S.K.: 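Quick one: structure below, then a few questions.
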Amino acid sequence: MIVLTGTTGGLGSQVLKHLLPLVPASQLTLSLYNPTLSNTVHFPAGVTVRRGDFGDPASLDTAFAGAERLLIVSYPSIAHELRVRHHVNAIDAAKRVGVKHIYYTSLAFADDSVSEVMQAHLDTEKYLKESGVMYTIIREGIYAESYPLYLGFFDKSKTDMYVPGDGPIAWVSREDLGEGTARIIAGGGFENQTVLLSGSASNNLTLHQLSTTISRILARALTLHVVSVDEYVAQNKSPNPDDPRGSEDFLRKWAKTFDAMRRGETARMEAYLEKTLGSPSDADKEALEQYAK
Ligand SMILES: NC(=O)c1ccc[n+]([C@@H]2O[C@H](COP(=O)([O-])OP(=O)(O)OC[C@H]3O[C@@H](n4cnc5c(N)ncnc54)[C@H](OP(=O)(O)O)[C@@H]3O)[C@@H](O)[C@H]2O)c1
C-alpha cells in the first residue's frame with residue numbers, strides 16, 4: 001500500500017493523477033490534513049482517505065498504518081522550525097508504524113545552499129537519511145507556475161520589476177514534477193538516493209530572459225531592474241500586513257534565493273525527467289502565456 005500526503009495541493013494532486021494509471025486505486029491511501037474535503041472534493045473511486053495532520057503525530061500513526069511506501073510532500077511554510085518539526089513528525093510516525101520506503105519532496109537548490117527556503121529541506125533531508133528507513137529524496141525543480149514570485153512579484157499591471165539578483169533557473173511545470181515523482185514511486189529503485197527533477201536546457205532561463213518572453217507575450221515593454229536588497233524590499237513591501245510581503249523579514253529572507261540563483265544553484269539539471277517523460281517540456285512558456293494573457 002502507498003500512502004500519499006499533500007494530494008489536495010498543487011504538487012501532490014499531480015502525483016496522484018499520474019500514479020492512478022500505474023497503481024491500482026485500491027493500493028492508494030490519501031493522508032489528508034482536512035479529510036472533510038472528501039465530502040466536497042471528488043477523489044478517485046477506490047482510494048482510501050484518512051486524516052493525517054503533520055502537527056498531530058497520533059493522527060499520522062493511523063494515517064500511515066500499513067503503508068509500504070509513503071510520500072511526504074513538504075509542508076508549505078516559511079517558518080523554518082515548524083516546517084522541520086512537521087517533517088520530523090511524519091518521519092518518526094513512518095518509522096513507528098513500519099513504513100519501508102519514504103519519498104520526500106525536497107527542493108532544487110544546492111547541498112550548501114545559501115537560500116533561506118532550502119534550509120528546512122536540508123535539515124529534513126539529514127534527519128531522513130539518519131532515520132534508518134529507506135528513503136528517496138526528490139529535489140523538485142522550480143515550478144514554472146511560481147515565476148511571479150521570482151520576478152519581483154510580477155503581475156500584469158506592472159511595467160517595472162525589481163529583483164535583488166539574477167541567474168538561471170531550470171524551470172519545470174508542477175504537472176511534469178508530479179508525473180516524474182509518480183513514476184519514481186511506482187517504479188521502485190532510487191533506494192537511499194537523492195534525485196533532481198529539473199527542467200530541460202531549453203527551459204533554463206534567467207529572469208532577464210523570462211521578462212523578455214513575457215514582454216513579447218504582452219506586446220509591451222517590461223523592465224527588469226537588478227537592485228540592492230534594501231531597494232528590493234522598498235519596492236516590493238506590501239502595505240497589507242496579512243500579505244507575506246507586508247513583512248520586511250520575509251522579503252529579506254526571500255532575497256537570499258537570488259544569491260543562490262547567482263551561484264548557479266537553480267541551473268543544475270539532471271536527465272531523469274526528460275528521459276522519463278520523453279520530449280522536453282515547454283511548460284514554462286505555456287504557464288507564462290496563460291498568466292500573461
Ligand atoms: N518546487 C517549487 O518551485 C515550489 C514552489 C512553491 C512551493 N513549493 C513547496 O512544495 C511543497 C508542495 O507544494 P504545493 O504547491 O503542492 O503546496 P500546496 O498547494 O500549498 O499544498 C500543500 C499541501 O499540504 C497540505 N497540508 C497543509 N497543512 C498540513 C498539515 N498540517 N499536515 C498535513 N498536510 C498539510 C495541504 O492540505 P490542505 O489542502 O488540506 O490545506 C496541501 O495538500 C510545499 O512545501 C511548497 O512550499 C515548491
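All residue numbers in this chain count up from 1 along the given sequence. All values below were derived from every heavy atom in this structure, side-chain atoms included, with hydrogens, water molecules and symmetry-related copies excluded. Start at 1 and go down the list; that is how both ligands and their atoms are numbered. Just so you know, these numbers come straight off a predicted model, no measurement behind them.
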S.K.: So for ligand 1, is Y33 a polar contact partner (N or O within less than 3.5 Å, distance only)?
M.R.: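 It does not: no N or O of Y33 is found under 3.5 Å from an N or O of ligand 1.
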
S.K.: Taking only heavy atoms of L107 into account, list the atoms of ligand 1 that are under 4.0 Å away from them.
M.R.: 1 (N), 2 (C)

S.K.: Taking atom OH of Y162 as the centre, report whether more than 12 heavy atoms of other residues, nucleotides or ligands fall under 6.0 Å from it.
M.R.: yes

S.K.: For ligand 1, is there an atom lying under 4.0 Å from some heavy atom of T5?
M.R.: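 No; T5 lies far enough from ligand 1 that no heavy-atom distance drops under 4.0 Å.
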
S.K.: Between the side chains of E140 and T181, does any donor sit under 3.5 Å from an acceptor?
M.R.: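 E140 vs T181: donor-acceptor pair found between side chains.
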
S.K.: Has the side chain of E265 got a donor or acceptor atom that lies under 3.5 Å from a matching backbone atom of V114?
M.R.: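 Side chain of E265 to backbone of V114, a donor-acceptor pair under 3.5 Å: yes, one is there.
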
S.K.: Relative to the heavy atoms of N34, which atoms of ligand 1 are at a distance of less than 4.0 Å?
M.R.: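 Checking each atom against N34, I get 40 (O).
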
S.K.: Please say whether Y150 places an N or O atom under 3.5 Å from an N or O atom belonging to ligand 1.
M.R.: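 Among all N and O atoms of Y150, none is under 3.5 Å from an N or O of ligand 1.
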
S.K.: Passes side-chain hydrogen bond (donor to acceptor under 3.5 Å, both in side chains), H225 versus Q235? Steps please.
M.R.: CA-CA 11 Å; H225 305 270; Q235 290 289 347; over 6 Å; no

S.K.: Is a side-chain donor or acceptor of R51 paired with a backbone partner of L60 at a separation under 3.5 angstrom?
M.R.: no

S.K.: Check contact between R174 and ligand 1, using heavy atoms of the residue and a distance below 4.0 angstrom.
M.R.: yes

S.K.: Is there a polar contact between ligand 1 and G141, counting only N or O atoms under 3.5 Å apart?
M.R.: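 Yes, there is a polar N/O contact under 3.5 Å.
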
S.K.: Just jot down the ligand 1 atoms closer than 4.0 angstrom to any heavy atom of S74, in number order.
M.R.: 10 (O), 11 (C), 44 (C), 45 (O)

S.K.: So is there a nitrogen or oxygen of G10 less than 3.5 Å from a nitrogen or oxygen in ligand 1?
M.R.: yes

S.K.: What I want to know is whether L11 and ligand 1 share at least one N or O pair that is separated by under 3.5 angstrom.
M.R.: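 Indeed, backbone or side chain, L11 has an N or O that close.
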
S.K.: Is it possible for you to check whether R245 lies under 6.0 Å from the centre of the six-membered ring of F250, through NZ or CZ, and within 45° of that ring's axis?
M.R.: no

S.K.: Touching ligand 1 at all, T105? Heavy atoms, strictly under 4.0 Å?
M.R.: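 Flag not set, T105 not near ligand 1.
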
S.K.: Among R51, R83, E140, H121, whose heavy atom sits nearest atom 9 (C) of ligand 1?
M.R.: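 Heavy atom nearest to atom 9 (C) of ligand 1 belongs to R83.
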
S.K.: Any donor and acceptor pair, going by atom type alone, linking the side chain of S200 with main-chain N or O of E274 inside 3.5 Å?
M.R.: no

S.K.: Angle between ring planes, H86 versus F54, binned at 30° and 60°: parallel, tilted or perpendicular?
M.R.: tilted

S.K.: Evaluate S74 against H87 for side-chain hydrogen bond (donor to acceptor under 3.5 Å, both in side chains), listing each step before the verdict.
M.R.: CA-CA 7 Å; S74 63; H87 299 159; 4.9 Å; no

S.K.: Among G12, A144, P76, which one puts a heavy atom closest to atom 22 (C) of ligand 1?
M.R.: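 Looking at heavy atoms only, the winner is P76.
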
S.K.: Would you mind listing which atoms of ligand 1 come within a distance below 4.0 Å of any non-hydrogen atom of T8?
M.R.: 36 (C), 37 (O), 38 (P), 39 (O), 40 (O), 42 (C), 43 (O)

S.K.: Hey, looking at atom 12 (C) of ligand 1, which of Y75, Y143, F109 has the closest heavy atom?
M.R.: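 Among Y75, Y143, F109, the closest heavy atom to atom 12 (C) of ligand 1 comes from Y143.
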
S.K.: Is the closest N or O pair between F54 and ligand 1 shorter than 3.5 Å?
M.R.: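 Yes.
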
S.K.: Is the backbone N or O of Q14 less than 3.5 Å from a side-chain atom of R174, with the two atoms forming a donor-acceptor pair by type?
M.R.: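 Not confirmed, R174 side chain does not pair with Q14 backbone.
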
S.K.: Is G9 close to ligand 1, meaning an N/O of one under 3.5 Å from an N/O of the other?
M.R.: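 Min N/O separation from ligand 1 is below 3.5 Å for G9.
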
